[in-house]
Amino acid sequence: MEAIAAKHLLHRNRSTQWFGTDHTMNIYRGCCHGCLYCDSRSNCYQVGDFDQIRIKRDALRILRDDLARKVRPAFICTGSMSDPYNPFEKELELTRHALELIDAYNCGVAVATKSGLITRDVDVLASIQSHSPLICKVTVTTADDGLAAKLEPCAPPPSVRLAALGKLSGAGLFAGVLLMPVLPFLEDSDESVLAVVEGAAQSGARFVYPCFGVTMRQGQREYFLDGLERAFPGQGLKERYLRRFGDRYQCACPRAKELWAVFTAACRARGILYDMRSIVQAATLGYGDRQLTFFD
């Protein structure tokens with residue numbers, strides 16, 4: 001595996017709007033899940049050969065030094081660009097050791113993944129939650145394993161992810177679902193959205209945070225639309241997307257308003273949080289004045 005140079009592992013966020021986190025960390029660069037819709041393929045991120053995973057050279061030492069320089073404990077997001085639990089992580093354990101450092105420096109963490117491997121680190125995640133905010137986010141865009149195999153061909157199936165969510169929740173960790181993206185014309189039916197909510201509820205999710213649509217920009221748009229043609233031949237999805245959205249970046253589901261009403265009603269009926277402020281408030285409750293820094 002190729003190792004690339006890095007000066008820092010922690011990067012300060014411009015705001016704390018995304019799950020209250022104030023820093024971002026990516027141990028790996030690139031991802032092998034092959035998700036057709038992944039925004040991280042966009043040219044603006046300048047990640048060549050995105051399907052090839054690279055590691056940051058001397059990452060753990062750099063992270064330790066970054067953490068040691070913090071005046072107050074950070075709340076760190078990981079998984080925004082590359083899944084921290086890719087298949088190589090099982091052997092390399094870089095994410096696990098990074099979490100151990102985060103724990104040692106009394107920082108909080110919000111982890112996003114499509115992998116069940118996160119359950120391996122329940123012990124470290126529980127230790128972090130004992131002193132700092134913790135949010136475990138398991139991405140599930142559809143509860144249909146067959147459909148997911150076409151859209152996310154190398155990622156673990158949704159059934160595995162929901163089972164992992166059940167283990168995280170069962171261990172008392174603050175965990176839930178990222179229902180994003182919800183792809184127009186493929187995942188934007190009431191039945192599809194409600195199946196994810198029901199699966200999340202059965203797995204003990206504290207929250208489901210949605211995005212009823214997808215993003216498309218240069219580099220990622222071409223990969224996504226060509227991928228739809230290969231995965232769903234003869235259905236004209238590429239032409240349908242281009243007619244509806246053209247070269248827009250944010251492409252909302254045509255039924256987004258109706259989906260939101262159905263989704264929120266289902267979440268309320270099951271006691272599941274779904275808006276960002278409520279999720280962050282619940283996750284940070286009991287951690288003292290750290291809460292005052294969120295949403296600045």
Side-chain angles (χ1 to χ4, degrees), residues 18-19 31-42 50 79-86 110-116 118 135-166 168 175-203 205 207-217 220-221 223-225 227-228 230-232 235 237 240-241 245 249-256 258-260 262-264 266-267 272 274 276 279:
W18 188 247
F19 287 94
C31 185
C32 59
H33 285 163
C35 303
L36 302 186
Y37 51 74
C38 183
D39 183 70
S40 297
R41 294 181 183 278
S42 301
F50 184 76
S80 59
M81 285 289 294
S82 304
D83 197 310
Y85 288 101
N86 64 68
V111 183
T113 185
K114 287 189 176 86
S115 174
I118 187 175
I135 305 178
C136 297
K137 301 173 286 184
V138 180
T139 299
V140 181
T141 69
T142 173
D144 184 333
D145 283 359
L147 179 57
K150 295 181 178 181
L151 299 172
E152 307 155 346
C154 299
S159 56
V160 170
R161 298 177 224 169
L162 289 171
L165 175 62
L168 297 171
V177 166
L178 289 180
L179 174 54
M180 60 175 63
V182 173
L183 299 181
F185 318 130
L186 286 169
E187 300 173 322
D188 58 344
S189 67
D190 293 356
E191 294 76 15
S192 180
V193 169
L194 291 176
V196 175
V197 174
E198 183 59 31
Q202 292 180 6
S203 300
F207 65 89
V208 178
Y209 188 72
C211 176
F212 298 119
V214 67
T215 58
M216 295 196 300
R217 53 184 161 190
Q220 182 265 348
R221 179 187 294 108
Y223 186 93
F224 174 54
L225 295 179
L228 290 182
R230 292 190 300 270
F232 305 94
Q235 297 189 28
L237 284 171
R240 195 173 182 185
Y241 266 80
F245 304 115
Y249 168 50
Q250 295 182 329
C251 307
C253 294
R255 299 185 61 251
E258 293 85 350
L259 286 174
W260 178 255
V262 169
F263 166 77
T264 54
C267 287
I272 295 175
Y274 55 83
M276 183 65 74
I279 294 168

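All of these numbers come straight from a predicted model, not from anything done at the bench.
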Q | Min side-chain heavy-atom separation Cys267-Val197 under 4.5 Å | A | yes

Q.
One pair to check against side chain to side chain contact (heavy atoms under 4.5 Å, CB included): Tyr85 and Val111. What are the steps and the verdict?
A. CA-CA 10 Å; Tyr85 288 101; Val111 183; 3.9 Å; yes

Q. What distance separates Leu259 CG from Thr264 OG1, expressed to the nearest 0.5 Å?
A. 10.5 Å

(Q) If you compare all heavy atoms of Gly116 against all heavy atoms of Ala164, which two are closest, and at what distance to 0.1 Å? (A) CA-CB, 3.7 Å

Q: Work out which heavy atom in Gly34 is nearest to a heavy atom in Pro153; give both atom names and the distance.
A: O-CD, 3.1 Å

Q: Only counting residues at least two apart or in another chain, list the ones meeting salt bridge (charged side-chain N to carboxylate O under 4.0 Å, His left out) with Arg217.
A: Asp39

Q) How long is the gap from OG on Ser189 to CD on Glu258, to the nearest 0.5 Å? A) 13.0 Å

Q. Which distance, rounded to the nearest 0.5 Å, do you find between the CG of Asn86 and the SG of Cys154?
A. 12.0 Å

Q. Is Thr142 reaching over with its side chain to a backbone N or O of Ala148, donor-acceptor style, under 3.5 angstrom?
A. no

Q. Between Phe19 and Leu178, is any pair of side-chain heavy atoms under 4.5 Å apart?
A. yes

Q: Please state whether the rings of Tyr241 and Phe224 are parallel, tilted or perpendicular, taking 30° and 60° as the class boundaries.
A: perpendicular

Q) Is there a side-chain contact between Cys211 and Pro181 (heavy atoms, below 4.5 Å)? A) no

Q) Is any side-chain heavy atom of Val208 less than 4.5 Å from a side-chain heavy atom of Phe263? A) yes

Q) Do Tyr209 and Lys137 have side-chain heavy atoms sitting under 4.5 Å apart? A) no

Q: Could you check Tyr37 against Leu228 for side chain to side chain contact (heavy atoms under 4.5 Å, CB included), going step by step and ending with a plain yes or no?
A: CA-CA 9 Å; Tyr37 51 74; Leu228 290 182; over 6 Å; no

Q: Using atom types as modelled and distance alone, determine if a side-chain donor or acceptor of Ser203 lies under 3.5 Å from a backbone N or O of Ala205.
A: no

Q. Are Cys38 and His33 close enough that some pair of their side-chain heavy atoms sits under 4.5 Å apart?
A. no

**Q.** salt bridge (charged side-chain N to carboxylate O under 4.0 Å, His left out): pairs with one or both residues in residues 181-198, sequence neighbours excluded
**A.** Asp190-Arg255, Glu198-Arg270

Q. Do you know which two heavy atoms are closest between Gln220 and Met216, and how far apart they sit?
A. OE1-CA, 3.0 Å

Q) How far does CG of Leu168 sit from OG1 of Thr113, to the nearest 0.5 angstrom? A) 9.5 Å

**Q.** Evaluation steps, side chain to side chain contact (heavy atoms under 4.5 Å, CB included), between Val177 and Leu165
**A.** CA-CA 8 Å; Val177 166; Leu165 175 62; 3.6 Å; yes

Q. Just how far is it from atom CZ of Phe232 to atom CZ of Phe185, taken to the nearest 0.5 Å?
A. 13.5 Å

Q: Could you tell me whether the side chain of Trp260 reaches within less than 4.5 Å of the side chain of Val193, counting heavy atoms only?
A: no

**Q.** From CA spacing to verdict: side chain to side chain contact (heavy atoms under 4.5 Å, CB included), Leu186, Leu237
**A.** CA-CA 9 Å; Leu186 286 169; Leu237 284 171; 3.9 Å; yes

Q: With rounding to the nearest 0.5 Å, note down the distance linking SG in Cys136 to CD1 in Ile118.
A: 4.5 Å

Q. Nearest heavy-atom pair of Arg161 and Thr139: which atoms, and what distance?
A. NH1-O, 2.9 Å

Q. Can you find a pair of side-chain heavy atoms, one from Glu152 and one from Pro157, that are under 4.5 Å apart?
A. no

Q.
Please evaluate residues Tyr223 and Phe50 with respect to the criterion ring-ring contact (aromatic ring centres under 6.0 Å, His included), reporting the C-alpha separation (whole Å), side-chain torsions for both, the decisive distance (0.1 Å), and the verdict.
A. CA-CA 11 Å; Tyr223 186 93; Phe50 184 76; 8.7 Å; no

**Q.** Partner residues of Ala231 under the side chain to side chain contact (heavy atoms under 4.5 Å, CB included) criterion, sequence neighbours left out
**A.** Leu36, Lys150

